[in-house]
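Quick notes on the structure that follows.
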Amino acid sequence: MAQNGDITRVELAERSYDIEIGGGNLAGLAHFLRERSRSSHAVIITDTNVDTLYADKLGDLLVDAHWEVHLLVVDAGERSKLPEVAFDLWETMLEEGSDRQSIVVAVGGGVVGDLAGFVAATFARGLDFFQVPTTLLAQVDSSVGGKVGINLPGAKNMVGAFWQPQGVLVDVDVLSTLPEREYRAGLAEVVKYGVILDADFFAYLEQHIDEINTKDAGALRHMVERCCRLKADVVEQDEREISGLRAVLNYGHTFAHAFEAASGYDQMLHGEAVSIGMMCAARLAMCMGRVDEAFVARQQTLLESLKLPITVPAFDADDLVDLMRRDKKVDDGQLRFVLPDRMGHVELVKDVRIDDVVASLGR
Ligand code: NAD
Ligand code: GLY
């Protein structure tokens, strides 16, 4: 079967790879893998929801294409990104005869992608790895760029690696089964790309609210393609987040991680926290004279049109600031924030007054 989507290329020397973005192209998975791997053994890692919807059928397709397939299913949800789950996967892979020639195929959202990528990066000192992202968040963000990892109790994404996939296959049709709330959470990351890197894309989102809200296939493909290209451009220049450029992808995230930690990681979806966090970051930029009120209002209008939350939860401001200090993005004890100075452009800012941070929380 021929390639059935458009290709976005991530150029990283010997770690370069294609992101194929299409509609209905999951059926071409065997061909996609075969073009990029000589292996004949695929370990598909998925979760309990995605297994019945897609992964089980994909396993059958690979078997029909003469692959030996093992399908490993973890519980759906963030609690599968834990060391004990990774341990179980390593053990099962060993028992089922995986070796250095095996490949790992992650079929699922960001949880499965991060976990399966971490298992691939570590089993037998590293296996080739493919991503088949099935949430909007995973299609526009987590499946691209090679950040893989698991959580420690109380420390999200604390153990991990940079382990680029050999290819990413995106089928926007799978978003039809994604729960509405998960879809909206992914849209927060989509808006993020417009604010941080592309004013024209932000304007596109403003002009296509109805299509986005009704999951129009053309709008979905355009959004995913643009976000993957923007992320690829950043990752190509700063793969390991050394120069600081890759940190722009964390717009709104210092606030968001504090909201998620304060709510115990089970009340808010990551994208919901990012939506509120982007509003705080925009207000903080306004407090510092970097953007005007119209900028903040414009971002708020788009987030509200996409039915995303914008109100800071009722946590104590001091507790939130303490949580922000514990975030991985603290540098030499200083809080750093990704702040806009105009639509489509942000900077990493270190000298931020705590009073302004508290004010940006609306306190
Ligand atoms: P998720 O993987 O938990 O998926 C959300 C829910 O949707 C799950 O219940 C899942 O079973 C279900 N689901 C997935 N695809 C479906 C489909 N097509 N139809 C129906 N249900 C479906 O959550 P997520 O938002 O995709 O990912 C969140 C994770 O991503 C977090 O752990 C976060 O740390 C990580 N992340 C990683 C990066 C990175 O660069 N590696 C970036 C952002 C987020
Ligand atoms: N999601 C942030 C990054 O990939 O760097």
Side-chain angles (χ1 to χ4, degrees), residues 10 26 45-55 58 73-82 85 106-118 121 129 131-151 155-165 168 170-190 192-193 196 215 220 227-228 230-232 234-235 237-254 256-257 260-261 265-266 268-274 328-329 338:
V10 186
L26 271 193
I45 300 182
T46 191
D47 74 19
T48 40
N49 294 330
V50 182
D51 177 31
T52 40
L53 284 167
Y54 306 107
L58 288 177
V73 185
V74 301
D75 288 341
E78 188 72 25
R79 67 184 184 283
S80 279
K81 262 178 67 173
L82 282 174
V85 179
V107 182
V111 164
V112 163
D114 283 12
L115 171 70
F118 177 70
F129 164 54
Q131 290 261 22
V132 181
T134 62
T135 63
L136 181 60
L137 179 137
Q139 294 187 348
V140 299
D141 190 352
S142 62
S143 67
V144 175
K147 277 190 183 175
V148 298
I150 53 173
N151 305 327
K156 204 166 154 24
N157 296 327
M158 194 39 83
V159 177
F162 288 96
W163 192 249
Q164 299 293 343
V168 182
V170 179
D171 180 349
V172 297
D173 288 1
V174 303
L175 300 178
S176 63
T177 55
L178 190 65
E180 188 68 12
R181 195 175 160 203
E182 299 287 352
Y183 175 65
R184 307 244 157 246
L187 288 174
E189 302 282 0
V190 173
K192 175 192 80 176
Y193 285 106
I196 64 174
K215 296 188 187 169
L220 289 179
C227 294
C228 286
L230 289 166
K231 181 153 186 182
V234 170
V235 170
Q237 293 171 71
D238 185 20
E239 183 184 3
R240 290 177 162 253
E241 208 164 315
I242 289 167
S243 73
L245 177 64
R246 187 164 178 165
V248 302
L249 298 170
N250 293 324
Y251 177 54
H253 283 56
T254 304
H257 289 158
E260 289 177 281
Y265 293 105
D266 54 3
M268 305 173 94
L269 298 181
H270 176 66
E272 293 169 342
V274 167
K328 287 201 292 302
K329 281 169 290 305
V338 176

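The model shown is predicted, which means the values in this text are computed figures rather than measured ones. Counting starts at 1 for both ligands and their atoms, following the listed order.
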Kindly confirm or rule out an N or O of [X] lying under 3.5 angstrom from an N or O of ligand 1.
| X | result |
| --- | --- |
| His270 | no |
| Val50 | no |
| Lys147 | yes |
| Glu182 | no |

Could you tell me which atoms of ligand 1, counted from 1 in the order shown, lie closer than 4.0 angstrom to a heavy atom of [X]?
| X | answer |
| --- | --- |
| Asp47 | 10 (C), 11 (O) |
| Ala76 | 9 (O), 11 (O) |
| Pro179 | 20 (C), 21 (N) |
| Asp141 | 42 (C), 43 (C) |
| Lys156 | 31 (C), 32 (O), 33 (C), 34 (O) |

Tell me, please, which residues at least two apart from [X] pass salt bridge (charged side-chain N to carboxylate O under 4.0 Å, His left out).
| X | answer |
| --- | --- |
| Asp171 | none |
| Arg181 | Glu272 |
| Lys231 | Asp141 |

Report task. Walk me through it: do Lys147 and Arg246 pass the test side chain to side chain contact (heavy atoms under 4.5 Å, CB included)? Result -> CA-CA 11 Å; Lys147 277 190 183 175; Arg246 187 164 178 165; 3.4 Å; yes
Report task. Test Val74 against every option in Thr46, Leu115, Thr48, Leu82 by the side chain to side chain contact (heavy atoms under 4.5 Å, CB included) rule and name the one that passes. Result -> Leu115
**Report entry** ligand 1 contacted by Lys231 (non-hydrogen, < 4.0 Å)
**Finding:**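 Contact present.
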Test of understanding: given a 4.0 Å heavy-atom threshold, classify the contact between [X] and ligand 1 as side chain, backbone, both, or neither.
| X | result |
| --- | --- |
| Ser142 | both |
| Thr177 | both |
| Gln131 | neither |
| Leu175 | neither |

Report summary line: Looking only at heavy atoms, the pair that brings Gly186 and Val140 closest together is O-CG2, 4.4 Å
Query raised in the report: If hydrogens are left out, which of Leu249, Val140, Leu178 has an atom nearest to atom 16 (C) of ligand 1, that is, the closest non-hydrogen atom?
Result: Leu178
Query raised in the report: Under a 4.5 Å cut-off applied to non-hydrogen side-chain atoms, are Leu187 and Tyr183 in contact?
Result: yes
Name each N or O atom in ligand 2 that is under 3.5 Å from a protein N or O, and give the partner atom and the distance.
{"from": "ligand 2", "atom 1": "1 (N)", "to": "Asp141", "atom 2": "OD1", "distance (Å)": "3.2"}
{"from": "ligand 2", "atom 1": "4 (O)", "to": "Lys231", "atom 2": "NZ", "distance (Å)": "2.6"}
{"from": "ligand 2", "atom 1": "4 (O)", "to": "Arg246", "atom 2": "NH2", "distance (Å)": "2.8"}
{"from": "ligand 2", "atom 1": "5 (O)", "to": "Lys147", "atom 2": "NZ", "distance (Å)": "2.9"}
{"from": "ligand 2", "atom 1": "5 (O)", "to": "Arg246", "atom 2": "NE", "distance (Å)": "2.7"}
{"from": "ligand 2", "atom 1": "5 (O)", "to": "Arg246", "atom 2": "NH2", "distance (Å)": "3.4"}

Query raised in the report: Given the rule in the side chain to side chain contact (heavy atoms under 4.5 Å, CB included) test, do Leu249 and Tyr193 qualify, once you have shown the distances and angles that lead to the verdict?
Result: CA-CA 8 Å; Leu249 298 170; Tyr193 285 106; 3.8 Å; yes
**Report entry** Under 3.5 Å: donor-acceptor pair, side chain of Gln139, backbone of Pro133
**Finding:**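 It does hold such a pair.
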